[in-house]
Amino acid sequence: MINMLIYLAVVLYGPAIALSAVTRIPDWACILIVGMICTFYTSVGGVKAVVWTDTLQLLLMFGGAITTLAVAIYYAGGIKDVVALANSSGRLKDLYNFDLNPTTRHTFWSVVIGGIFFWLSVYGVNQTQVQRYLSIPTLRQAQNCMWIGLPGFIILLTTTTWTGLALYGYYRHCDPLWQGLISAPDQIVPLFTMETLGTYYGLPGLIVVGVFSGSLSTISSGVNALAAIFLEDCWKLWKPDTSPEWQCRVSKIAAVTFGIVCIAFAFIVAQMGGVLEFAYALFGMISGPLLGLFALGMFFPWSNTKGAAIGFTIGLAIALWIGIGSKLAGSLSEQPMLGRTPDPVSCPSMTGTYPSIQNIYKVNYEILDIYEMSYLWYGPIGCTTVVLIGLLVSFITGPRAGKEIDPQLMVPLFAKIFFFLPENTKRKFWFGVQYDRPLLIVHPRTNEDGGKVPAVSAIALPVVTVSEATPPPMNPAPRSGLTTRAPSIYTMNSSSHNNNGHFNHNMDYEVKMSAC
């Protein structure tokens with residue numbers, strides 16, 4: 001929860017300073033306005049409001065991004081000039097910089113490897129994404145949604161990257177930050193919008209709304225996810241018999257509370273520097289170890305509870321030590337902008353002196369090398385530490401036997417990697433987990449009145465007893481050998497119990513036996 005709250009605060013701060021740059025409203029007032037509006041419609045509308053607002057915001061986000069790119073390229077002199085300036089200034093050298101030194105800020109390896117761990121954390125274990133997956137009826141449809149969204153994500157990321165290059169070409173001789181026109185680099189897009197499109201009614205608003213849309217979409221889904229986590233994992237453990245009406249009230253109160261906390265954190269984030277860099281560093285420090293915890297449990301059947309707990313604690317501690325230590329040591333101080341050449345003729349109001357590469361190196365000379373590590377490596381280090389320490393502790397304290405593990409909770413990673421091997425050889429990479437064991441799938445069935453039996457929640461799980469020798473009456477006997485690929489379906493009565501072990505009521509279920 002803390003990780004998500006801090007990240008949402010980072011996302012909230014971005015559009016707030018954009019609005020401040022355009023309207024001249026103070027940053028603190030913009031943070032309050034944006035945060036309160038987003039918290040209101042999220043708490044009132046729930047996940048349905050989040051989905052529909054996300055759909056509208058997606059269209060506005062693309063409209064604003066494409067408009068900004070087209071205008072920026074035009075004022076920078078065209079696409080050829082943008083590419084030429086980017087090459088001459090060295091801003092594209094990271095594409096072919098294969099330096100393995102982890103203290104180099106951006107290299108091919110840090111961007112690719114760090115980016116893989118970052119986006120795995122976002123799309124694999126982040127609650128806001130998992131909640132969206134679970135709102136879709138089937139696994140196949142959830143996978144299709146991700147594949148459908150991939151081209152749009154690539155287009156949006158490419159658009160914003162080229163917009164940055166075009167803005168460099170436009171401001172290369174007259175940095176607005178050193179002119180005092182803006183107070184943070186994150187305000188450069190709103191400033192450019194007002195300078196170039198301020199006389200065209202509606203266009204500045206479209207671009208600023210595009211900036212807002214991406215952030216509000218993330219904030220609303222994040223607040224809604226935090227409210228759901230609090231209701232299911234905290235409140236229901238305390239009061240499992242809460243009525244649906246009170247569950248709705250608790251969820252809304254939790255959403256409002258988390259929104260207020262997010263607003264408070266946004267004021268702290270305002271002192272942390274660049275939004276994008278801080279977001280990457282934060283996700284690396286916290287979500288990297290979290291990704292390692294999930295990987296340890298899904299891919300390595302030998303891991304146990306002690307290994308997971310100790311591994312996650314050590315991995316999180318190391319990631320936080322490096323990330324916070326680098327911030328306190330000052331290694332994330334302002335870096336010189338490549339190719340920035342001030343022109344006193346075109347920028348008569350330019351004040352101050354530019355930091356040079358040599359000055360930055362001199363300032364950071366006495367800082368420990370580990371604090372000079374690129375923020376893109378925080379995630380891989382945290383994730384790898386959790387897996388290695390978790391496996392070591394698990395083997396020392398006693399690894400779990402593969403046959404004792406539910407195959408539905410595991411993924412045969414190594415068997416999938418060596419897919420080209422013979423079947424008998426691949427089975428050895430199951431490490432004792434019985435992936436071919438038949439699964440018992442329980443589906444609520446329709447009762448006599450034609451209504452649906454209430455769905456089984458994560459807290460009140462039904463206890464189902466299947467007897468092959470004495471099948472339920474009024475149903476055909478199951479075929480012999482329930483381990484066959486052809487499923488046998490029949491109906492039985494089962495008892496449901498709550499967390500305290502007390503039986504509540506009887507429910508009818510359709511039970512399906514099938515093999516993996």
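Fair warning: this is a prediction, and the values are worked out from it, not measured in the lab.
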>> Could you work out, with side-chain hydrogen bond (donor to acceptor under 3.5 Å, both in side chains) as the rule, every residue matching D99, not counting sequence neighbours?
In response: T104
>> Has S251 got a side-chain atom pairing as donor or acceptor with A227's backbone, closer than 3.5 angstrom?
In response: no
> Heavy-atom distance under 4.5 Å between the side chains of V125 and V130, does that happen here?
Replying inline: no
>> Which label fits F414 and W302: parallel for a plane angle under 30°, tilted from 30 to 60°, or perpendicular past 60°?
In response: tilted
> In Å, rounded to the nearest 0.5 Å, how long is the span from CH2 of W147 to CG of L150?
Replying inline: 6.5 Å
>> Can you give me the closest heavy-atom contact between A65 and T159, atom names plus distance?
In response: O-CG2, 3.5 Å
>> If the test is side-chain contact (heavy atoms from CB on, under 4.5 Å), which one of P407, P301, P412 qualifies with W430?
In response: P412
>> Counting only heavy atoms from other residues, nucleotides and ligands, does the tally under 6.0 Å from CH2 of W109 exceed 12?
In response: no
> Considering only heavy atoms from C-beta outward, does the side chain of L167 approach that of V189 to under 4.5 Å?
Replying inline: yes
>> Between T385 and I381 (side chain of the first, backbone of the second, donor and acceptor by atom type, cut-off under 3.5 Å), is there such a pair?
In response: yes
> Does a side chain donor of either T163 or T160 reach within less than 3.5 Å of an acceptor in the other side chain?
Replying inline: no
> Would you say the side chain of L8 lies within less than 4.5 Å of the side chain of L226, judging by non-hydrogen atoms?
Replying inline: yes
> Going through the distances and angles, do F153 and W119 end up as a ring-ring contact (aromatic ring centres under 6.0 Å, His included)?
Replying inline: CA-CA 12 Å; F153 172 77; W119 292 112; 4.9 Å; yes
> How many angstroms lie between atom CD1 of I116 and atom CG of L291, to the nearest 0.5 angstrom?
Replying inline: 11.5 Å
> Does any N or O in the side chain of S135 come within less than 3.5 Å of the main-chain N or O of R132, such that one atom is a donor and the other an acceptor?
Replying inline: yes
> Taking the six-membered ring for Trp, are the ring centroids of Y378 and W321 within less than 6.0 Å of each other?
Replying inline: no
> Side chain of N144, backbone of R140: donor and acceptor closer than 3.5 Å?
Replying inline: yes
>> Counting C-beta onward and ignoring hydrogens, is there a side-chain heavy-atom pair between F62 and L156 closer than 4.5 Å?
In response: yes
>> Can you give me the closest heavy-atom contact between G297 and S303, atom names plus distance?
In response: CA-OG, 4.1 Å
> If you round to the nearest 0.5 Å, how far is CG of N97 from OG of S110?
Replying inline: 8.0 Å
> Quick check: are there more than 12 heavy atoms from other residues, nucleotides or ligands sitting under 6.0 Å from CZ of F419?
Replying inline: no
>> One pair to check against side-chain contact (heavy atoms from CB on, under 4.5 Å): F108 and Y96. What are the steps and the verdict?
In response: CA-CA 6 Å; F108 175 85; Y96 45 85; over 6 Å; no
> If you draw a 6.0 Å radius around CZ in F40, do more than 12 non-hydrogen atoms from other residues or ligands fall strictly inside?
Replying inline: no
> Can you tell me how far the OG1 atom of T55 sits from the CG atom of L60, to the nearest 0.5 Å?
Replying inline: 11.0 Å
> Side chains of T242 and W235: do they bring a donor and an acceptor to under 3.5 Å?
Replying inline: yes
>> Give me the atom names and distance for the closest heavy-atom approach of I263 to M36.
In response: CD1-N, 3.8 Å
> Side chains of Q131 and N224: does their closest heavy-atom pair fall under 4.5 Å?
Replying inline: yes
> Any idea how F431 and F429 line up, ring-wise: parallel (<30°), tilted (30 to 60°), or perpendicular (>60°)?
Replying inline: perpendicular
> Would K239 and W246 count as a side-chain contact (heavy atoms from CB on, under 4.5 Å) if you check the C-alpha gap in whole Å, the side-chain angles of each, and the deciding distance to 0.1 Å?
Replying inline: CA-CA 11 Å; K239 290 189 175 183; W246 267 103; over 6 Å; no
> Is there side-chain contact between W377 and I113, with heavy atoms separated by less than 4.5 Å?
Replying inline: yes
>> Given 3.5 Å as the limit, does a donor-acceptor pair link the side chain of N304 with the main chain of G307, or not?
In response: yes
> Are the side chains of Q247 and K236 in touch, meaning some heavy atoms are under 4.5 Å apart?
Replying inline: yes
> Taking it one step at a time, do N101 and T107 satisfy side-chain contact (heavy atoms from CB on, under 4.5 Å)?
Replying inline: CA-CA 9 Å; N101 185 0; T107 66; over 6 Å; no
> Counting only N and O atoms by type, is there a donor-acceptor contact under 3.5 Å from the side chain of Y375 to the main-chain atoms of R105?
Replying inline: no
>> Can you tell me how far apart CG (L12) and SG (C30) are? Round to the nearest 0.5 Å.
In response: 10.5 Å
> Do F267 and L32 come within less than 4.5 Å of each other through their side chains, counting heavy atoms only?
Replying inline: yes
>> Checking Y123 against Y133 for the side-chain contact (heavy atoms from CB on, under 4.5 Å) test, could you report, in this order, the C-alpha distance in whole Å, the side-chain angles of both residues, the deciding distance, and whether it holds?
In response: CA-CA 10 Å; Y123 286 96; Y133 304 152; 3.7 Å; yes
> What heavy-atom pair brings K403 and Q434 nearest, and what distance separates the two atoms?
Replying inline: CB-NE2, 3.7 Å
> Closest heavy-atom contact between G114 and P380?
Replying inline: CA-CG, 4.1 Å
> Is a side-chain donor-acceptor pair under 3.5 Å present for N126 with S287?
Replying inline: no
> Can you name the nearest heavy-atom pair linking V386 to L296, along with the distance?
Replying inline: O-CD2, 4.3 Å
> How many angstroms lie between CD in Q141 and OG1 in T138, if you round to the nearest 0.5 Å?
Replying inline: 3.5 Å
